[in-house]
A.B. asks: 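Before I ask anything, let me first share the structure, which is written out below as structure tokens.
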Protein chains: 2
Amino acid sequence: MEPLVEALKKLSPDLLDVMQKRYEILHSISLMAPIGRRALAASLGMSERVLRSETEFLKGQNLLSADVSGMRLTEEGHELLHTLHDWMREALGLKELEAALQRKLGIPRAIVVAGDSDRSPWVKKEMGRACVACMKELLEPGDIVAVAGGTTMAAVAEMMTPDAKLRDVLFVPARGGLGEDVENQANTICAKMAEKAMGRYRLLHVPDQLSDEAHASLVEEPAVKEVLELIQSCRMVVHGIGDAVTMAKRRKTPPAEMGNIIARHAVAEAFGYYFNEYGDVVHKVKTVGIQLEHLPHVEHVIAVAGGASKAKAIRAYMKRAPHSLLVTDEGAAKAFVGE
Amino acid sequence: MEPLVEALKKLSPDLLDVMQKRYEILHSISLMAPIGRRALAASLGMSERVLRSETEFLKGQNLLSADVSGMRLTEEGHELLHTLHDWMREALGLKELEAALQRKLGIPRAIVVAGDSDRSPWVKKEMGRACVACMKELLEPGDIVAVAGGTTMAAVAEMMTPDAKLRDVLFVPARGGLGEDVENQANTICAKMAEKAMGRYRLLHVPDQLSDEAHASLVEEPAVKEVLELIQSCRMVVHGIGDAVTMAKRRKTPPAEMGNIIARHAVAEAFGYYFNEYGDVVHKVKTVGIQLEHLPHVEHVIAVAGGASKAKAIRAYMKRAPHSLLVTDEGAAKAFVGE
DNA sequence: GTATAGTGGGACATAATATGTCACACCGGG
DNA sequence: CCCGGTGTGACATATTATGTCCCACTATAC
């Protein structure tokens with residue numbers, strides 16, 4: 001995209017929404033002319049009143065005219081529509097991608113940022129910012145947020161900023177030790193995010209490798225039990241999605257389990273669960289915290305993952321997360337839609 | 001200007017205002033950083049609260065950062081400023097021209113439309129539309145509007161549209177016969193404008209060439225006298241500005257008067273008055289209606305004139321019209337500022 | 001040391017704007 | 001003749017922008 005449009009979007013982000021709305025109105029009128037407001041509003045899925053405001057504006061701009069038979073474009077309106085046609089396709093590329101993702105995945109909302117995090121490291125931060133904005137939009141004071149691990153989640157924590165909406169929000173790690181390096185562990189990221197947000201946090205101190213007996217007794221420890229209960233009652237979960245094999249390697253998974261993961265064709269990973277391309281769980285890391293069965297009962301689930309290489313993993317995981325929000329990037333979204 | 005920007009402006013006219021405001025804020029911060037809100041608000045001449053809203057937005061966009069010492073641009077902010085620099089100059093060219101005209105002419109408001117009516121006939125219509133928008137902004141129900149003649153005023157009448165704000169507005173011709181062709185006479189244009197506006201109008205039936213006696217007695221006719229009184233009490237005058245010699249020729253001015261006009265170096269003409277380059281009246285067509293002395297007592301005076309060839313005439317006339325609004329075009333404005 | 005003038009940020013009432021929801025007058029075709 | 005479409009006006013309400021305070025904090029000058 002040309003840098004100018006990029007700059008425009010930065011200085012006036014909702015410009016594109018307005019432009020798109022007006023463009024669609026002109027477009028529809030050009031196709032259905034002459035048409036009345038009510039019929040057009042129904043067709044465009046917007047309320048009659050906002051359509052009326054818009055058409056009155058467009059009429060003032062001499063782009064359309066209205067008489068008793070309905071509205072139609074003026075000559076100038078047709079010209080403008082033609083001028084805008086190509087540009088809108090490009091400028092609205094991301095919005096189109098978002099719409100396509102929402103449709104294909106059957107999820108309520110997808111957010112696509114420009115770039116490809118496989119190729120440009122800063123795109124991950126951009127996703128982080130988008131995710132933070134999304135969190136701030138959904139969170140209420142007093143909420144509990146469960147945060148998973150991974151490099152993408154680290155970027156989210158990195159981009160977190162304080163906000164009045166985050167007042168009294170409590171951050172907790174989503175699950176116990178998954179075998180990651182310390183800087184990508186849920187505990188670390190949870191603490192970092194909370195600090196950046198000026199919020200409170202609680203950590204889950206559960207070693208990676210434990211015998212079943214030790215595990216069972218640790219869970220009964222009051223300090224651990226309390227945090228686990230907080231996690232269970234969280235109102236939001238934020239997590240990344242990984243490529244199954246990559247994640248398994250990074251976690252130095254024992255050969256036996258690794259064989260299982262490969263043999264059962266796992267392609268995606270999220271907070272310790274491994275999924276095959278159909279979204280079936282084929283392996284899970286045994287630890288405490290959020291379990292997959294809990295997710296449907298959590299108000300807001302945000303999945304963050306980008307990069308063309310992760311498109312397959314995202315597709316696989318999202319099959320089992322119909323009410324999750326997805327924050328991704330252009331690279332992944334295009335690989336997705338292009339399939 | 002590239003057609004895309006043209007289209008953007010058409011579809012979202014106040015976009016440029018927002019862009020300009022935000023651009024100026026970024027620009028000022030880049031120069032004065034670190035600087036606080038209050039000092040910056042004073043420097044930019046905007047209220048602290050709106051500046052605060054803007055800076056909060058820009059901070060959210062990651063274009064500037066704030067700490068206890070004040071605000072400064074981020075790296076991204078600097079880059080965006082650089083990207084926008086050239087484009088803003090072009091996009092805001094008209095606004096700059098308006099500001100320059102207001103300054104140079106000492107008038108409260110100048111409106112500049114794109115193009116040059118000398119070269120593109122449609123620019124006159126564009127001026128007409130701008131003039132109509134301006135009239136609608138200023139008029140109140142029940143107002144009386146005096147309308148002069150000329151081809152430019154014909155374009156204004158052409159572009160007039162009905163409006164709730166024009167309810168019960170009465171249109172009257174500014175002055176009696178000036179020797180023009182019928183389609184450019186004030187009477188004709190007045191009637192046309194009123195019809196397009198769905199408003200009422202009164203006409204002034206005074207033949208061009210009359211003896212002084214006939215003239216004096218006609219003015220005492222009740223029908224004429226009533227209209228003249230309406231004209232005297234008008235709250236708005238809208239008129240064009242012409243090149244003196246061109247207008248004199250078009251009006252088939254008798255050789256004696258023509259000689260006078262040329263000998264005294266008349267350059268501008270407006271509603272029957274001829275002005276030299278210093279704004280002095282060097283000749284006037286003797287007829288009834290608005291006289292030059294009335295203008296200072298009229299709330300709103302709008303002068304409409306465009307085309308590079310008219311720049312000198314506009315300058316000359318506007319010297320004596322310090323509280324007039326001016327609607328002009330890029331061609332005239334550039335010729336003006338370039339002088 | 002302290003006084004001071006600057007900083008950003010929070011809070012709240014009010015103005016301005018957008019929107020939802022009606023009712024009305026009109027016109028053309030069954 | 002009426003019915004379903006049209007645009008337009010009107011008004012209450014939700015939403016947003018703005019004006020006007022205040023506060024805590026921190027550099028800096030003294």
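Proteins come first, then strands; the chains are lettered A, B, ... in the order of their sequence lines, and each starts at number 1. The analysis underlying the following values was restricted to heavy atoms, covering all of them including side chains, and did not include hydrogens, waters or symmetry mates.
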A.B. asks: Identify the residue among B:Lys125, B:Lys192, B:Arg129 that makes a salt bridge (charged side-chain N to carboxylate O under 4.0 Å, His left out) with B:Glu158.
C.D. replies: B:Lys192

A.B. asks: So if I take every side-chain heavy atom of B:Val50 and compare against D:dT6, D:dT18, C:dG8, which nucleotide ends up nearest?
C.D. replies: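 Taking heavy atoms from C-beta onward, the closest nucleotide is D:dT18.
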
A.B. asks: Are B:Lys59 and C:dG9 close enough that a side-chain N or O sits under 4.0 Å from OP1 or OP2?
C.D. replies: yes

A.B. asks: Going by modelled atom types, is there a donor-acceptor pair between the base of D:dG9 and the side chain of A:Arg52 at under 3.5 Å?
C.D. replies: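 Pair found.
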
A.B. asks: On a plain distance test, is the side chain of B:Arg37 in donor-acceptor contact with the base of C:dG6 below 3.5 Å?
C.D. replies: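 Counting by modelled atom types and ignoring angles, no donor-acceptor contact under 3.5 Å is found here.
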
A.B. asks: Go through C:dG8, C:dT7, C:dT19 for me and flag the one nearest to the B:Met71 side chain.
C.D. replies: C:dG8

A.B. asks: Would you say B:Ser47 places a side-chain N or O within less than 4.0 Å of OP1 or OP2 belonging to D:dG19?
C.D. replies: yes

A.B. asks: Here's a test of your reading of the structure: between B:Glu56 and A:Arg49, which maps to the more 5' nucleotide of DNA chain C?
C.D. replies: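 Mapping each residue to its closest nucleotide by heavy atoms, the 5'-most match is B:Glu56.
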
A.B. asks: Does the A:Thr152 side chain pair with the main chain of A:Val304, one donor and one acceptor, at a distance under 3.5 Å?
C.D. replies: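 Not at all, since once roles are kept as given, no pair shorter than 3.5 Å links the two residues.
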
A.B. asks: Rounded off to whole Å, could you give me the CZ-to-P distance for the A:Phe57 and C:dT17 pair?
C.D. replies: 15 Å

A.B. asks: Decide, yes or no, whether a salt bridge links B:Arg109 with B:Glu137 under the criterion of side-chain N to carboxylate O below 4.0 Å.
C.D. replies: yes

A.B. asks: Given the ring of B:Phe171, does B:Arg200 sit roughly above its face, with NZ or CZ under 6.0 Å from the centre of the six-membered ring and within 45° of the axis?
C.D. replies: no

A.B. asks: For B:Glu54 and B:Arg38, take the nucleotide of DNA chain D holding the closest heavy atom to each; which residue's nucleotide lies nearer the 5' end?
C.D. replies: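 Checking each residue's closest nucleotide, the 5'-ward one belongs to B:Glu54.
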
